[in-house]
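Beneath this line is the structure, given in structure tokens, with notes to follow.
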Amino acid sequence: MADSKGAKRSSIDGDSFQDSKRLKMVNGGGNATTDPKYNKYLAHQYEDGQNQNGFQSPLDQFQRHQTTAIQAANAEDSDLNPWTNKPHSQRYFGILKSRRDLPVSKQRQEFLDMYHSTQILVFVGETGSGKTTQVPQYVLYDELPHQTGKLIACTQPRRVAAMSVAQRVANELDVELGEEVGYSIRFENRTGPKTMLKYMTDGQLLREAMHDHEMSRYSTIILDEAHERTLATDILMALLKQIAERRKDLKIIVMSATLDAQKFQTYFFNAPLLAVPGRTFPVEIFYTPEPERDYLEASVRTVLQIHASEPDGDILLFLTGEEEIEDACRRINLEVDDMIQESEVGPLKVYPLYGTLPPAQQQRIFDKAPEPLKKGGRPGRKCIIATNIAETSLTIDGIVYVVDPGFSKQKIYNPRTRVESLLVSPISKASAQQRAGRAGRTRPGKCFRLYTEKAFKKELIEQTYPEILRSNLANTVLELKKLGVEDLVHFDLMDPPAPETMMRALEELNYLACLDDDGELTKLGSLASEFPLDPSLAVMLISSPEFYCSNEMLSITSLLSVPQIWVRPNNARKRADEMKAQFAHPDGDHLTLLNAYHAYKGAEQGGGDVKQWCHEHFLSFRHLSSADDVRNQLKRIMETQDIELVSTPFQDKSYYVNIRRALLAGFFMQVAMRESSNSKVYKTVKDDQMVMIHPSTVVSSPYDWVVYNEFVLTTKNYVRTVTNIRPEWLLVCFLSLFVLPFNAQLC
DNA sequence: GAGCACTGC
């Protein structure tokens with residue numbers, strides 16, 4: 001068989017057109033695509049890997065890891081789709097032509113040569129190079145998954161990217177999405193038995209790895225957007241580095257933007273590097289001569305100046321958060337009205353853009369720029385004022401001017417106080433370049449940096465600190481344990497976190513009895529890692545059958561893992577608060593959440609317009625329905641893990657007491673005690689921090705003891721989402737603190 | 001009497 005392949009190869013190289021004709025004749029009977037007997041996807045069932053009826057595809061001539069670019073291109077040019085044996089559509093050839101124009105296309109052979117010669121490859125490509133769509137297809141034509149039965153995975157940091165790229169590549173390959181090309185993200189798996197190329201979120205691949213430590217389903221794993229350094233990417237990189245040693249047949253491609261390519265190479269045993277140019281337009285950078293004192297004021301001024309004196313083209317301004325953005329929108333709108341009256345400027349439409357904005361309002365940024373005020377007048381333009389969401393997650397075409405004040409809100413974690421918080425901080429050089437690049441997507445653009453060139457060069461750090469250095473790692477450590485990483489200290493992360501952060505995580509997991517005193521995963525810990533939740537929420541959920549309320553804790557856990565369900569628009573705060581009061585439970589916010597959820601489910605069953613109902617009750621339909629998705633997922637995990645789903649009868653007077661007690665099973669470390677009677681100040685039990693109860697609470701009469709869901713550091717130290725508890729309930733928890741780890745060891 | 005950058009499982 002190998003001989004015949006070798007012999008035919010030259011003819012394929014030389015004349016693919018004839019070859020595809022021959023193909024057609026072989027299939028002359030016309031039943032090849034309809035008769036299941038001829039389904040080439042069953043080919044792997046035959047011993048020699050060949051189809052029994054003698055059907056030949058150009059791919060039969062390919063030898064794994066020896067494919068040439070010409071061979072592959074010829075197969076792509078065939079009349080019949082080599083992957084489906086169906087005729088290629090007209091659209092296919094249209095797309096194929098544009099694919100061949102992508103910068104990466106010129107380097108297909110170079111890529112293949114390098115891919116053949118190495119196990120790990122670092123691939124660097126700027127925006128517009130085509131790497132995300134093309135490289136996985138180049139790999140597909142070389143890995144021949146139909147022969148090996150193994151998949152090619154390509155990971156993305158975000159769900160939308162995984163979905164949209166998979167759709168694009170399915171079109172490019174002329175196949176149905178979900179068949180040969182699919183995607184897998186949380187709540188949605190669009191892959192099937194035929195799937196060969198799978199786009200997925202990096203977190204999803206990590207989840208899979210928990211049950212398949214060797215990632216044995218895959219022949220090639222492509223990590224895309226590795227420069228973003230998400231927590232999941234960082235863990236995957238370290239994991240793959242280990243797996244690569246054990247599985248010499250596994251190929252790994254790490255794809256990244258240019259910056260820091262060397263760091264990736266060095267990290268991956270000096271892996272070879274392939275760089276492909278991007279396709280963007282030049283962007284001229286301007287700096288302020290002097291530092292700006294008030295960047296918000298300077299931003300508004302700059303936008304107005306651009307509008308008054310620069311040729312047409314849309315503006316993108318980066319600010320740090322909702323409040324700032326809405327403020328800037330107001331100020332610009334006011335000023336523009338004056339400008340229009342005083343001079344001959346065109347209309348300017350201002351759009352805010354941030355993550356918590358409802359999707360319909362986010363979509364408005366894609367509206368066309370306004371028409372001139374009168375015929376022949378100066379053209380209108382739009383100005384989008386956005387958070388970091390416009391840096392990576394959302395791309396807006398038509399932006400010609402970028403205004404970059406140089407700040408963003410960043411998560412930081414302080415292991416000493418165990419508090420994660422958001423802080424307005426200067427961005428990195430990489431971030432500044434990314435922002436500037438947003439001006440050159442459709443034509444040459446300009447970027448106005450509201451800081452000096454000296455500050456850019458001397459004060460900005462090269463790269464934003466990777467997430468792993470800015471997070472509480474309790475969840476990560478639990479995951480790593482489940483992934484079979486024995487030695488955390490020598491686990492080779494690209495940027496190892498501070499030892500103190502690791503210690504805090506181990507300590508927290510030990511308190512929760514997820515790790516025993518030797519740092520080994522307990523049965524509880526192993527169970528907890530099955531849930532896509534923070535360890536404390538997972539432990540709370542797992543323990544809830546003991547309190548006869550696992551159905552209710554399932555709901556509360558889901559509600560705590562989605563964004564706030566309470567809607568409180570600035571112009572209707574009072575009415576919103578009144579509506580919330582209808583759901584209020586005297587014993588606290590967790591129970592109030594549950595009430596609102598039950599009312600929502602009731603409205604759903606009532607059969608009316610649930611969206612309308614939510615709107616009237618100032619509840620977020622979006623977040624409630626995503627809580628429902630989470631709940632279904634968690635419920636399935638409960639069922640597969642044989643955790644009982646039980647409730648205390650609602651009439652039973654211990655219904656709510658049981659729930660309150662169950663909260664403590666996961667959150668006994670997050671309890672605060674009133675400092676003195678009549679005081680509004682509380683003290684956390686674990687480390688004596690002075691805190692206040694967040695004003696959003698429904699709790700009106702001050703309780704002596706509360707359990708809280710989170711600690712928020714804003715103008716004051718607040719604890720948010722609190723429920724009244726009795727101190728004697730804690731005794732059981734603290735007792736278990738000493739007893740359980742010991743028990744767990746026995747498990 | 002406050003306010004949550006952005007992701008992900």
Side-chain angles (χ1 to χ4, degrees), chain A residues 155-162 184-189 200-211 225 228-236 318-327 353-357 362 386-394 407-412 420-425 427 431 434 464 466-468 470-471 475-476 478-479 482-483 528-535 537-538 558 561-564 566-570 573-574 576-577 620 623 626 629-630 633-634 637 680 692-697 699-700 710 712-721:
Chain A
T155 69
Q156 298 292 321
R158 281 167 294 279
R159 283 189 217 162
V160 264
S184 174
I185 58 175
R186 188 182 187 183
F187 307 129
E188 199 182 0
N189 180 7
M200 62 206 299
T201 46
D202 45 18
Q204 185 74 28
L205 182 58
L206 206 53
R207 278 264 138 209
E208 278 187 13
M210 285 183 180
H211 294 108
E225 314 288 0
E228 287 194 30
R229 304 290 307 278
T230 66
L231 247 169
T233 302
D234 270 14
I235 297 167
L236 280 173
F318 284 99
L319 290 176
T320 67
E322 175 176 346
E323 205 181 337
E324 222 173 70
I325 289 171
E326 295 292 352
D327 190 19
L353 174 65
Y354 43 86
T356 48
L357 215 58
Q362 284 193 7
T387 60
N388 256 1
I389 195 169
E391 208 178 286
T392 48
S393 309
L394 264 170
F407 292 95
S408 72
K409 271 190 194 169
Q410 284 164 34
K411 184 174 75 181
I412 49 165
E420 268 183 356
S421 53
L422 284 170
L423 194 71
V424 174
S425 329
I427 60 170
S431 205
Q434 176 73 18
T464 312
E467 201 183 356
I468 202 164
R470 300 183 283 119
S471 308
N475 209 357
T476 303
L478 185 65
E479 270 170 18
K482 182 69 173 186
L483 285 160
S529 71
E530 294 288 335
F531 291 87
L533 294 169
D534 275 344
L537 283 171
S558 309
S561 38
V562 297
Q564 284 279 340
W566 313 108
V567 176
R568 199 165 181 261
N570 283 332
R573 288 184 190 177
K574 193 155 171 270
D577 289 347
S620 161
H623 297 153
S626 79
D629 289 339
V630 175
Q633 188 191 24
L634 298 179
I637 299 172
K680 287 197 167 174
M692 308 266 286
I693 294 180
H694 196 275
S696 64
T697 187
V699 172
S700 49
E710 59 182 344
V712 282
L713 186 75
T714 53
T715 47
K716 296 195 184 79
N717 287 339
Y718 286 110
V719 289
R720 189 160 49 184
T721 314

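Note on naming: letters A, B, ... go to the chains in the order of the sequence lines (proteins, then strands), and numbering restarts at 1 for each one.
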[N] [atom2] sits how many Å from [X] [atom1], rounded?
X       : N      : atom1 : atom2 : value
R159(A) : dC6(B) : CZ    : P     : 15 Å
W566(A) : dC4(B) : CH2   : P     : 19 Å
Q434(A) : dC6(B) : CD    : C1'   : 13 Å
D234(A) : dC9(B) : CG    : P     : 17 Å
E467(A) : dT7(B) : CD    : P     : 12 Å

*asked:* Judged by each residue's nearest nucleotide on DNA chain B, which is more toward the 5′ side, G321(A) or S696(A)?
replied: S696(A)

_Reading DNA chain B from 5' onward, which residue's closest nucleotide shows up sooner: Q633(A) or L353(A)?_
L353(A)

Would you say [X] places a side-chain N or O within less than 4.0 Å of OP1 or OP2 belonging to [N]?
X       : N      : value
K716(A) : dA2(B) : yes
S408(A) : dA5(B) : no
Y718(A) : dA2(B) : yes
T201(A) : dT7(B) : no

_Residue list, side-chain hydrogen bond (donor to acceptor under 3.5 Å, both in side chains) with S626(A), at least two apart or on another chain_ = none

*Report the residues that fulfil ring-ring contact (aromatic ring centres under 6.0 Å, His included) with F531(A), sequence neighbours left out, ordered by chain and then residue number.*
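Residues passing ring-ring contact (aromatic ring centres under 6.0 Å, His included) with F531(A): none at all.
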
Going by side chain to side chain contact (heavy atoms under 4.5 Å, CB included), name the residues that satisfy it together with [X], two or more places apart in sequence or in a different chain.
X       : result
D202(A) : T155(A), P157(A), T230(A), A232(A), T233(A), L236(A)
M210(A) : R207(A), E479(A), K482(A), L483(A)
D534(A) : N475(A), S536(A)

*asked:* When you measure from the side chain of S425(A) to the backbone of L423(A), do you find a donor-acceptor pair of N or O atoms at a distance under 3.5 Å?
replied: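 Side chain of S425(A) to backbone of L423(A): a pair is present.
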
*asked:* Regarding dA2(B), can its base be found pairing with the side chain of R573(A) as donor and acceptor, where the two atoms are less than 3.5 Å apart?
replied: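 For R573(A), whose side chain was compared with the base of dA2(B), there is no donor-acceptor pair (under 3.5 Å).
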
*Can you give the dot-bracket line for DNA chain B, using ( ) for pairs inside the strand, [ ] for pairs that cross earlier ones, | for pairs with another strand and . for unpaired bases, where Watson-Crick and G-U count if both distances are under 3.5 Å?*
.........

